Amino acid sequence: MDGIYDLGGVAGFGAVEVEADEPTFHEPWEATAFRINLASIGFLRAYNADEYRHAIERMQPVHYLQARYYERVLTGATTLLVEKGVLDLADLERRAGGRIPLALPVRPNPGDGRSEPREPRFRCGARVRVRDDHKPGHTRVPRYVRGRTGTVVHVAPPFSYPDASSHGLPKRCEATYHVEFEASELWGDDAETNAPVVVDLWESYLEEA
Amino acid sequence: MDGIYDLGGVAGFGAVEVEADEPTFHEPWEATAFRINLASIGFLRAYNADEYRHAIERMQPVHYLQARYYERVLTGATTLLVEKGVLDLADLERRAGGRIPLALPVRPNPGDGRSEPREPRFRCGARVRVRDDHKPGHTRVPRYVRGRTGTVVHVAPPFSYPDASSHGLPKRCEATYHVEFEASELWGDDAETNAPVVVDLWESYLEEA
Amino acid sequence: MGGDEIASPEARADAVAEALVEKGHLPEGALDAVERIEEGLDWHNGARVVARAWTDPAYRARLLADGTAACAELGFEGPQGEYIVVLEDTPERKNLIVCTQCSCTAWPVLGLPPDWYKSPEYRARVVREPRRVLREMGLELEPEIEVRVWDTTAETRYLVLPLRPEGTDGFTEDQLAALVMREAMIGVARVPSPT
Amino acid sequence: MGGDEIASPEARADAVAEALVEKGHLPEGALDAVERIEEGLDWHNGARVVARAWTDPAYRARLLADGTAACAELGFEGPQGEYIVVLEDTPERKNLIVCTQCSCTAWPVLGLPPDWYKSPEYRARVVREPRRVLREMGLELEPEIEVRVWDTTAETRYLVLPLRPEGTDGFTEDQLAALVMREAMIGVARVPSPT
């Protein structure tokens with residue numbers, strides 16, 4: 001989905017503020033949120049990591065941008081635990097003594113039916129173009145590289161294709177490619193010099209350039 | 001600039017909430033904000049409408065999305081009145097009894113030096129492609145039509161080119177074109193059927209397709 | 001200097017208005033003069049334009065050929081009304097207005113726009129999934145009807161001329177104007193038949 | 001049902017944790033077990049990897065050829081460390097890591113990431129204007145030096161192997177590890193010479 005979470009290249013943000021000697025968690029509930037999520041994925045197997053990323057992406061956009069990181073973690077995890085029927089929202093709200101904002105409902109991705117793994121199609125040095133898709137559901141192609149051409153600099157091992165695994169479609173693994181894009185290909189005349197960007201892309205996102 | 005204000009086609013937003021019998025202003029200060037801005041443009045001539053739009057676009061992105069419409073109006077107007085030296089921020093904050101968040105500083109657009117008007121280059125029925133520019137400053141090309149091809153359905157009279165007038169560059173007037181884009185050209189497979197979009201674009205944004 | 005807290009929008013607006021007047025940047029009464037302009041920005045003006053177009057074929061033709069002049073004919077002009085283009089709904093086509101980048105509107109005939117028109121939800125979604133948005137807002141359109149979305153990205157200001165509803169034969173211009181709602185002139189609703 | 005107000009994140013987190021345990025979805029102690037995993041996720045691990053690579057050419061070669069295995073050699077593996085690729089800084093090239101879409105990081109060697117790494121500011125800007133962001137963060141790079149930004153969009157997790165600073169001849173691995181900061185392994189800083 002072309003959502004607000006897809007922040008790469010969005011203009012208008014100010015300075016990056018670095019906190020000296022930052023603790024891992026600023027408040028105890030942040031640790032709780034982190035542990036709930038890891039336990040729900042790893043122990044409980046209530047959902048997978050791709051569903052989790054997508055649940056965060058589905059947060060109401062203003063809530064997404066306002067919330068600090070661990071509030072997003074908490075919202076993603078809570079949304080899925082409720083959607084999967086593990087926990088009951090009314091019960092949770094009673095326990096919490098207030099409303100619990102969840103992410104908005106899923107819009108499914110259409111599947112392409114493929115599930116068999118295949119040999120990597122591209123090699124290092126190949127010129128590839130990123131497909132200009134606009135999926136309604138989860139995808140890991142940032143908007144800033146759609147339709148852009150780059151060069152494969154590394155072939156990574158096959159990983160589960162997230163556009164499928166985040167939506168309960170048949171799982172398939174395929175290679176991801178580290179694709180290098182010249183800055184001017186991405187940002188035009190406004191680009192900095194000598195500042196390429198490498199993006200890690202599943203094979204299904206790419207076509208021969 | 002590729003900013004958060006450029007909301008067309010951004011996914012993840014929920015339902016449009018319509019308020020029955022909505023008043024023009026919900027609180028008196030909203031009317032004050034509106035009048036300050038109109039008076040500053042029309043009476044005081046402290047800034048022009050393009051500078052005003054850009055000042056709002058320069059708001060810190062989270063502030064932009066959180067703020068209701070008239071808070072954006074107020075923030076844009078206040079930013080420009082301070083930047084132009086009409087009012088003093090410290091004085092305003094003293095009067096208000098608290099901090100006044102302004103928009104972030106301008107990033108200038110490069111000018112192309114042209115100022116003479118010219119005859120409209122395209123006619124109704126012409127196929128045009130939107131330039132894929134990424135200007136750092138103000139522009140009125142929505143991101144969702146960049147690089148896309150459409151058909152001119154109407155030629156409007158010349159208006160001041162905002163990418164220049166918002167940045168103190170030589171003023172020039174040029175025709176704007178109502179360009180119709182097929183939904184599939186903009187949104188791919190996810191598009192609704194029979195739902196074209198018409199976007200009003202200055203000539204400098206377009207090239208022959 | 002003020003405090004560390006962000007001042008309320010109300011305090012900020014009052015501070016700016018007070019400083020503008022006190023420092024002599026705005027003559028006394030300038031803000032009141034704006035208020036008088038503002039009172040003329042009313043969507044009921046648009047309803048009059050629509051009703052006239054429904055009853056006077058020559059006016060309708062002038063309105064579609066030059067919206068700015070035809071609105072001015074009825075006295076409706078001013079800021080954000082410098083170049084008005086009227087979009088004619090037909091049984092085969094529904095027009096719809098949005099401003100994705102800010103919230104531009106033809107003030108003299110549509111008034112200052114309502115919150116929903118200015119919301120991120122409407123601005124983001126209606127160019128991409130207009131049928132779905134319309135359905136959620138209560139207007140279900142058959143797939144054969146084209147939905148044409150007009151994004152107000154430059155200086156043209158649009159007004160939708162909706163279809164005249166059934167059951168209004170013999171209605172006067174005033175009676176017709178009373179039927180027209182702002183939503184129909186933005187394009188998210190049809191003018192309903194009188195009940 | 002709770003009240004009409006949105007519950008605090010703290011109340012929400014406690015409610016979910018309590019319900020998960022009470023309803024038997026998580027065994028007693030499961031959250032504590034996660035805490036123990038979490039304690040192993042520490043950027044000081046990455047500093048050890050870097051120091052080893054600076055002192056042991058064979059390890060450096062293994063690290064660059066197969067980051068996952070070379071980190072595991074030192075005992076650093078686990079969630080978000082399934083496929084680690086090490087990016088070698090050179091005098092001509094500065095590498096930089098970001099995750100524009102969420103905040104993915106190689107937990108076993110970089111720890112859970114700091115807030116600035118997860119901020120919209122860093123995520124939005126660093127792919128587009130890395131030199132400017134680095135300058136604001138205190139690292140001015142000559143135009144001849146390539147800045148290569150790596151966006152963590154899939155399952156590869158990156159670790160930057162920074163340049164060994166001047167003035168560290170004869171330093172032990174422990175002394176070197178003490179010099180390495182997390183920022184240098186994300187790529188927004190150089191490891192400074194000892195003073």
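In what follows, chains are A, B, ... by sequence order, proteins preceding strands, each numbered from 1. The shown structure was predicted, so the numbers you read here are calculated from the model rather than taken from an experiment.
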Worksheet item: How far apart are the C-alpha atoms of B:Val198 and C:Val149, what are their side-chain angles, what is the distance that settles it, and do they pass the side chain to side chain contact (heavy atoms under 4.5 Å, CB included) test?
Response: CA-CA 6 Å; B:Val198 183; C:Val149 183; over 6 Å; no
Item to complete: I would like to know whether C:Tyr122 and B:Phe13 meet side chain to side chain contact (heavy atoms under 4.5 Å, CB included); could you show each step before the answer?
Response: CA-CA 9 Å; C:Tyr122 184 72; B:Phe13 285 95; over 6 Å; no
Discussion item. Tell me whether C:Glu28 at atom CD has more than 12 heavy atoms from other residues, nucleotides or ligands lying less than 6.0 Å away.
Written reply: no
Worksheet entry | Main-chain N/O of C:Glu144 paired with B:Asn194 side-chain donor or acceptor, under 3.5 Å | yes
Practice prompt. Let me know if B:Asn37 has heavy atoms under 4.5 Å from chain C in its side chain, its backbone, both or neither.
Written response: neither
Practice prompt. With a 4.5 Å cut-off on heavy-atom pairs, point out which of B:Arg53, B:Arg35, B:His26, B:Arg72 contacts chain C the most.
Written response: B:Arg35
Worksheet, complete the sentence: Between B:Glu22 and C:Trp116, the two heavy atoms sitting closest are OE1-N, 4.4 Å
Discussion item. Checking the side chain of C:Arg123 only, and the main-chain atoms of B:Tyr5 only, is there a donor and an acceptor separated by less than 3.5 Å?
Written reply: yes
Fill in: salt_bridge(C:Arg128, B:Glu192) N-O dist < 4.0 Å
no
Practice prompt. Sort out for me which of B:Val82, B:Thr32, B:Leu74, B:Asp190 touches chain C most, counting heavy-atom pairs under 4.5 Å.
Written response: B:Leu74
Item to complete: Could you tell me whether C:Glu22 and B:Arg95 have a side-chain N and a carboxylate O separated by less than 4.0 Å?
Response: yes
Worksheet item: Given a strict heavy-atom distance threshold of 4.5 Å, which part of C:Glu10 is in contact with chain B: side chain, backbone, both, or neither?
Response: both
Worksheet entry | Contact origin within C:Lys23 toward chain B - heavy atom pairs under 4.5 Å | side chain
Discussion item. Only pairs of heavy atoms separated by less than 4.5 Å count here; which of B:Thr24, B:Val16, B:Val10, B:Leu92 has the most with chain C?
Written reply: B:Val16
Worksheet entry | Atom group of C:Val133 that falls short of 4.5 Å from chain B, counting heavy atoms | side chain
Practice prompt. Taking all heavy atoms of C:Cys99 and all of B:Arg140, pick out the closest pair and write down the distance.
Written response: SG-NH2, 4.2 Å
Fill in: Nearest atoms (heavy-atom pairs only) where C:Val127 meets B:Trp187
O-NE1, 3.2 Å
Worksheet item: Hey, is B:Arg99 close enough to C:Asp4 for a salt bridge, meaning N to O under 4.0 Å?
Response: no
Fill in: Part of C:Leu26 within contact of chain B (heavy atom distance under 4.5 Å)
side chain
Item to complete: Could you tell me which portion of B:Ser40 (side chain, backbone, both or neither) has an atom closer than 4.5 angstrom to a non-hydrogen atom of chain C?
Response: side chain
Worksheet item: B:Val86 and C:His25: which non-hydrogen atoms are nearest, and at how many Å?
Response: O-NE2, 3.0 Å
Worksheet item: Do you know which of B:Glu17, B:Glu27, B:Glu180 has the most heavy-atom pairs with chain C at a distance under 4.5 angstrom?
Response: B:Glu180
Worksheet item: For B:Val153, is it the side chain, the backbone, both or neither that has a heavy atom under 4.5 Å from a heavy atom of chain C?
Response: side chain
Fill in: Options B:Thr75, B:Leu65, B:Leu44, B:Asp88, ranked by heavy-atom pairs under 4.5 Å with chain C, top entry
B:Leu44
Worksheet item: Would you say C:Thr100 and B:Leu7 make side-chain contact, with heavy atoms under 4.5 Å?
Response: no
Practice prompt. Please assess B:Glu30 against C:Arg12 for the test salt bridge (Lys or Arg N to Asp or Glu O under 4.0 Å), listing each intermediate value before the final yes or no.
Written response: CA-CA 11 Å; B:Glu30 297 191 335; C:Arg12 286 183 257 157; over 6 Å; no
Response to the item:
What one should report as the nearest heavy-atom pair of B:Gly14 and C:Glu121 is O-CG, 3.4 Å
Worksheet item: Between B:Ala39, B:Ala46, B:Pro196, which residue shows the highest count of heavy-atom pairs closer than 4.5 Å to chain C?
Response: B:Pro196
Worksheet item: So, does C:Glu146 use its side chain to make a donor-acceptor pair with the main chain of B:Ala195 at under 3.5 Å?
Response: no
Worksheet item: Say you draw a straight line from OG1 of C:Thr156 to CZ of B:Phe159; how long is it, rounded to the nearest 0.5 Å?
Response: 6.0 Å
Worksheet entry | Part of C:Arg132 within contact of chain B (heavy atom distance under 4.5 Å) | both
Discussion item. Around atom CG of B:Asp189, are there more than 12 heavy atoms from other residues, nucleotides or ligands closer than 6.0 Å?
Written reply: no
Fill in: N/O donor-acceptor pair under 3.5 Å between C:Trp150 side chain and B:Asp200 backbone
no
Worksheet item: Around C:Glu142, counting heavy atoms of other residues, nucleotides and ligands shown, do more than 12 lie under 6.0 Å from its CD?
Response: yes
Worksheet entry | Candidate pair C:Thr153 and B:Val199, rule side chain to side chain contact (heavy atoms under 4.5 Å, CB included), full reasoning | CA-CA 6 Å; C:Thr153 44; B:Val199 182; 3.3 Å; yes
Fill in: Which portion of B:Tyr161 sits near chain C, non-hydrogen atoms under 4.5 angstrom
neither
Worksheet item: Hey, mind stepping through B:Arg68 and C:Asp115 against side chain to side chain contact (heavy atoms under 4.5 Å, CB included) and telling me if it holds?
Response: CA-CA 8 Å; B:Arg68 287 162 57 101; C:Asp115 271 6; 3.0 Å; yes
Worksheet entry | C:Ser8 OG to B:Trp29 CH2 distance, which is reported to the nearest 0.5 Å | 8.5 Å
Worksheet item: To the nearest 0.5 Å, what is the distance between CD1 (B:Ile100) and CD1 (C:Ile6)?
Response: 10.5 Å
Worksheet item: Checking B:Ala156 against chain C: side chain, backbone, both or neither under 4.5 Å from a heavy atom?
Response: both
Worksheet item: Where does C:Val85 contact chain B at under 4.5 Å (heavy atoms): side chain, backbone, both or neither?
Response: side chain
Item to complete: Kindly say whether B:Thr193 contributes a backbone atom to a donor-acceptor pair with the side chain of C:Arg131 at under 3.5 angstrom?
Response: yes
Discussion item. For C:Pro143, which atoms come within 4.5 Å of any heavy atom of chain B: side chain, backbone, both, or neither?
Written reply: backbone
Worksheet item: Which atom names give the shortest non-hydrogen contact between C:Leu41 and B:Phe34, and what distance separates them?
Response: CD1-CZ, 4.5 Å
Worksheet item: Does some side-chain heavy atom of B:Thr176 sit less than 4.5 Å from a side-chain heavy atom of C:Glu155?
Response: no
Worksheet item: Given that the side chain runs from C-beta out, which part of B:Ala15 has a heavy atom under 4.5 Å from chain C: side chain, backbone, both or neither?
Response: both
Item to complete: Side chain from CB out, backbone as N, CA, C, O: work out which of these in C:Leu112 comes under 4.5 Å of a heavy atom of chain B, or both, or neither.
Response: side chain
Fill in: Region of C:Ile145 that comes under 4.5 Å of a non-hydrogen atom in chain B
backbone
